[in-house]
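Single-structure report; data block below.
No experiment lies behind these values; they were computed from the predicted model shown. In each ligand, atom 1 is the first atom listed, and ligand 1 is the first ligand listed.
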Amino acid sequence: MFQPFKEYLEEQIFNRFDLQSRPIPAGLESNISDRGKNRATIQSWCYQCSQLRKIRYTYIDAGETAQVFNSVIYPSHNYDIPLLGIDFLSFGKKKILVVLDFQPLFRDRSYLGKYIEPMGEIRDKYNELAQNLEMKFYDANQYFSKYLLFAKTDAETVVNRLFPAYQEYIQLYWEILEAAQPLTNPDDIQRIVKAQKDYDQYSAERDPAHGLFSSYFGPEWAERFLYEFLFEDASALAVASTR
Ligand code: BLA
């Protein structure tokens, strides 16, 4: 279902950047859960280049039961620009949830004006994908922008509307990256290191996929996948007792 989205992202990053593979901890690159007819596979890829320190994406294929494409692009620490966040989920073909955003690291007006306002024009073309749904796991005011695409939708809309919207958001993301002035002051760079780390901590603690990973691949694998790969700058100790 989301394979063309993965291929588009790959085509973009391979052609635009001088990519190097970024290692994925042993055992976390892929996994297969075989419970009779409910076979599920998960596979992840990770790259880096001078402007982007971590480009990761994951595909879960459980046939009709579940298809997921999830990705986060982390800019290098000398760029203060938002992270690109993608979370497209389809369960049993009927329940399709899509989220796409430039995830802001800061919320002051000048930051939002510079990096989030430009999304508005695209967002306004895709009203049906911006449904103002309530968030149950996350806080919409942390690491989400007001122009995020967030919708419960159907397969036809995924093809006809989400795909062009996705391409436009990604193109705008490259434009913002290209226009961004690299930071040189060590204190400014440290501020980004901390903000990206806080994002990982927040995301690891709230990730609604923990249960999904755990049910397919077991709780130990799920915990490792979250803290050693997806959000590797988060510390697991802080939440060990809450799960
Ligand atoms: C929701 N994301 C979800 C849900 C799952 C995942 C299972 C709950 C769906 C439901 O309501 O039943 C799945 N999350 C994943 C997977 C990975 C993951 C498979 O991290 C990793 C491989 N989530 C992101 C990113 C964004 C994001 C980058 O990982 C930003 C665009 C958003 N996911 C997001 C939001 C929701 C969601 C906003 C709704 C959660 C809520 O209601 O609070």
Give the table of side-chain donor-acceptor pairs shorter than 3.5 Å for residues 134-144, with sequence neighbours excluded, one pair per line with atom names and distance.
from	atom 1	to	atom 2	distance (Å)
Asp139	OD1	Asn141	N	2.8

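- Each of the atoms 28 (C), 30 (C) of ligand 1 lies under 4.0 Å from some heavy atom of Gln103.
- Residue contact annotation: Arg206 has no non-hydrogen atom under 4.0 Å from ligand 1.
- Nearest protein heavy-atom contact of atom 6 (C) of ligand 1 is Leu89 CD2, 3.3 Å.
- The residues Glu220 and Arg224 are annotated as not salt-bridged, no charged nitrogen and carboxylate oxygen being separated by less than 4.0 angstrom.
- Taking every heavy atom of Asp207 and a limit of under 4.0 angstrom, the matching atoms of ligand 1 come to 14 (N), 18 (C), 20 (O).
- A donor-acceptor contact closer than 3.5 angstrom links the side chains of Trp174 and Gln12.
- Residue contacts with ligand 1 for Ile86 involve N, CA, C or O but no side-chain atom from C-beta outward (heavy atoms, distance under 4.0 Å).
- Salt-bridge annotation for Arg56 and Glu232: absent, with no side-chain N of the basic residue lying under 4.0 Å from a carboxylate O of the acidic one.
- Considering both main-chain and side-chain atoms, Thr58 never comes within under 3.5 Å of ligand 1 through any nitrogen or oxygen pair.
- With a 4.0 Å heavy-atom cut-off, ligand 1 is reached by the backbone of Ser71 but not by any atom from C-beta on.
- From the protein, the heavy atom lying nearest to atom 10 (C) of ligand 1 is Lys95 NZ, 3.4 Å.
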